[in-house]
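For ligands, and for the atoms within them, numbers begin at 1 and follow the listed sequence. If you read the sequence from its start, that first residue is 1, and numbering goes on from there. Quick caveat, the model's predicted, so the values are computed rather than measured.
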Amino acid sequence: MSKKKILYDGKAKTIFEGPTSDTVIQYFKDDATANNAEKHSIINGKGVLNNSISDYLMKKINEIGIPTHYIKKLNMREQLVRKVEIIPVEFVVRNIAAGSIVKRLGIKEGSVFSRPLIEHYLKKDELGDPLINEDHIINFEWSTRDELEEMQEFGLRINDFLRGLFYGISLKLVDFKIEFGRYYSEDGNSILLLADEISPDNCRLWDINTNKKMDKDLFRQELGGLKEAYQEVANRLGILPEKKKYSSAKPELVK
Ligand code: UDP
């Protein structure tokens with residue numbers, strides 16, 4: 001690990017001071033945690049895979065016009081990103097029922113929602129990241145109304161885009177969690193940037209043909225094969241140098 005000053009040591013990433021005052025370095029660790037870190041393991045190589053997957057997805061999201069904190073990948077485990085003030089709300093976008101909503105509302109796992117559902121959770125480990133609503137966000141000034149509207153809109157656009165992208169490699173995007181931050185320019189004004197990471201640690205991805213889980217639920221539910229599944233996601237995205245890009249198209253019959 002590098003010798004730079006640690007600004008924050010998280011569960012799956014460490015944030016180091018960047019080369020300039022408006023940047024930081026995200027270092028992807030191999031730690032896997034679940035149930036608010038009650039369950040913890042080291043999965044060799046997970047950080048390298050998540051760094052590559054998040055690098056690829058953040059770049060694509062930038063390309064469709066959604067501003068992100070991402071600047072560039074530095075090496076196997078590190079990314080240079082813009083330093084932001086994280087808004088303390090996790091945005092979860094759901095297309096299919098899985099995870100906490102199944103338990104909370106008694107919905108059958110796998111039920112497809114008629115339209116994407118957005119939920120908000122307060123980022124507070126001590127409280128176990130409780131579910132909150134838009135009124136809480138405004139009332140307690142976790143974001144302004146304009147910021148909230150913008151984050152909701154970004155969440156839905158990211159969902160549409162990622163659903164299509166994953167569909168193209170035979171994966172269903174069940175749900176995902178995103179975070180945003182305020183990036184301050186020299187004049188003191190701020191803009192919202194998509195921050196954190198997008199990887200199988202914070203998305204649920206199911207194979208279209210087999211419904212096999214290819215995300216962190218393999219660890220949460222002790223099903224095993226997490227690294228192989230993340231490798232497969234990276235392979236299908238075409239970002240593992242040694243493998244060819246995955247094609248979901250059936251080979252044409254040669255007569
Ligand atoms: N998620 C996350 N970090 C969290 C909680 C959830 O990245 O602290 C992601 C999770 O991987 C899933 C989505 O958000 O893709 C919805 O998670 P859910 O609310 O179902 O909670 P979980 O079952 O993970 O406790």
Side-chain angles (χ1 to χ4, degrees), residues 8-13 15 26 28-41 43 46-47 49-51 53-54 57-58 61 68-69 86-113 116-133 136 142 151-152 154-156 158-163 165-166 171-181 194-207 211-223 225-227 229-230 233:
Y8 174 77
D9 195 20
K11 287 178 276 203
K13 291 190 294 296
I15 307 297
Q26 285 199 131
F28 287 73
K29 303 195 274 192
D30 284 340
D31 300 62
T33 60
N35 288 343
N36 206 2
E38 267 173 36
K39 204 167 132 66
H40 175 253
S41 278
I43 298 169
K46 177 177 84 78
L49 286 162
N50 279 351
N51 187 22
I53 295 171
S54 193
L57 296 176
M58 283 284 184
I61 289 169
T68 78
H69 72 159
I86 289 284
I87 290 178
V89 176
E90 298 188 342
F91 287 73
V92 168
V93 186
R94 301 181 186 273
N95 299 304
I96 299 175
S100 66
I101 198 168
V102 168
K103 288 191 215 121
R104 188 178 346 112
L105 301 180
I107 298 169
K108 194 169 174 292
E109 186 184 49
S111 314
V112 179
F113 300 129
L117 183 77
I118 302 187
E119 288 179 341
H120 311 96
Y121 296 85
L122 179 64
K123 257 176 84 67
K124 206 163 193 125
D125 282 344
E126 312 92 273
L127 301 178
D129 294 351
L131 182 71
I132 51 172
N133 68 22
H136 292 117
W142 290 320
M151 292 186 286
Q152 306 276 83
F154 283 162
L156 292 176
I158 293 168
N159 183 48
D160 279 348
F161 174 71
L162 289 183
R163 261 175 105 171
L165 185 145
F166 283 121
L171 291 173
K172 284 189 244 184
L173 178 62
V174 173
D175 59 32
F176 61 97
K177 185 266 299 180
I178 44 177
E179 295 178 24
F180 295 90
L194 177 68
D196 196 45
E197 67 175 288
I198 303 190
S199 74
D201 264 10
N202 38 46
C203 293
R204 284 194 171 92
L205 299 167
W206 295 352
D207 182 84
N211 268 339
K212 184 178 170 297
K213 295 180 201 281
M214 302 190 55
D215 54 61
K216 209 169 97 174
D217 273 351
L218 294 169
F219 171 73
R220 292 189 190 99
Q221 300 172 7
E222 299 184 9
L223 298 169
L226 180 134
K227 188 176 168 192
Y230 284 29
V233 172

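Considering only non-hydrogen protein atoms, atom 10 (C) of ligand 1 sits nearest to R220 NH2, 3.4 Å. Protein heavy atom at the shortest distance from atom 1 (N) of ligand 1 is K177 CB, 3.7 Å. In this structure, atom 15 (O) of ligand 1 lies nearest to the protein heavy atom D175 OD1, 2.6 Å. For atom 7 (O) of ligand 1, the closest heavy atom belonging to the protein is N202 CB, 2.9 Å.
Using a 4.0 Å heavy-atom cutoff, A98 is listed among the residues neighbouring ligand 1. Ligand 1 has E90 within reach: a non-hydrogen atom of the residue lies less than 4.0 Å from it. Judged by the shortest distance from any of its heavy atoms, D201 lies inside the 4.0 Å radius around the atoms of ligand 1.
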Criterion side-chain contact (heavy atoms from CB on, under 4.5 Å) on V93 and I158, from CA distance to verdict: CA-CA 9 Å; V93 186; I158 293 168; over 6 Å; no
For the pair F166 and L205, evaluate side-chain contact (heavy atoms from CB on, under 4.5 Å) and give the outcome as yes or no after the intermediate values. CA-CA 8 Å; F166 283 121; L205 299 167; 3.8 Å; yes
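With respect to K29 and E197, no salt bridge is recorded, no charged nitrogen being found less than 4.0 Å from a carboxylate O. A salt bridge is absent between K103 and E109: the closest approach of a Lys/Arg side-chain nitrogen to an acidic carboxylate oxygen does not fall below 4.0 angstrom. Using a 4.0 Å cut-off between a side-chain N of Lys or Arg and a carboxylate O of Asp or Glu, D196 and K13 qualify as a salt bridge.
Listed by number with element, the atoms of ligand 1 under 4.0 angstrom from any heavy atom of G99 are 20 (O), 23 (O). Remark: ligand 1 atoms within the under-4.0 Å shell around heavy atoms of D129 are 8 (O). Per-residue contacts place R94 under 4.0 angstrom from the following atoms of ligand 1 (heavy atoms of the residue considered): 16 (C), 18 (P), 19 (O), 20 (O). Which parts of ligand 1 touch Y121 is read off a 4.0 Å heavy-atom cut-off, strictly below it: atoms 19 (O).
Counting heavy-atom neighbours within 6.0 Å of K11 NZ, excluding the residue itself, gives a total above 12.
A side-chain hydrogen bond (donor to acceptor under 3.5 Å, both in side chains) with H120 is found for one member of E90, Q152, H136 and no other, namely Q152. Evaluated for a side-chain hydrogen bond (donor to acceptor under 3.5 Å, both in side chains) with R204, the options D217, N95, D215 yield exactly one hit, D217.
With atom 22 (P) of ligand 1 as the reference point, the heavy atom nearest to it among K11, R204, K216, E179 is part of R204. Residue nearest to atom 20 (O) of ligand 1, selected from C203, S199, S100: S100 (by heavy-atom distance).
Between the side chains of K172 and N211, at least one donor-acceptor pair of N or O atoms lies under 3.5 Å.
Contact annotation for V92 and ligand 1: only side-chain heavy atoms (C-beta onward) come within less than 4.0 Å of the ligand. Neither the backbone nor the side chain of E119 comes within contact range of ligand 1; no heavy atom lies under 4.0 Å.
For the pair D175/I96, no side-chain contact is recorded, criterion being any heavy-atom separation below 4.5 Å from C-beta on.
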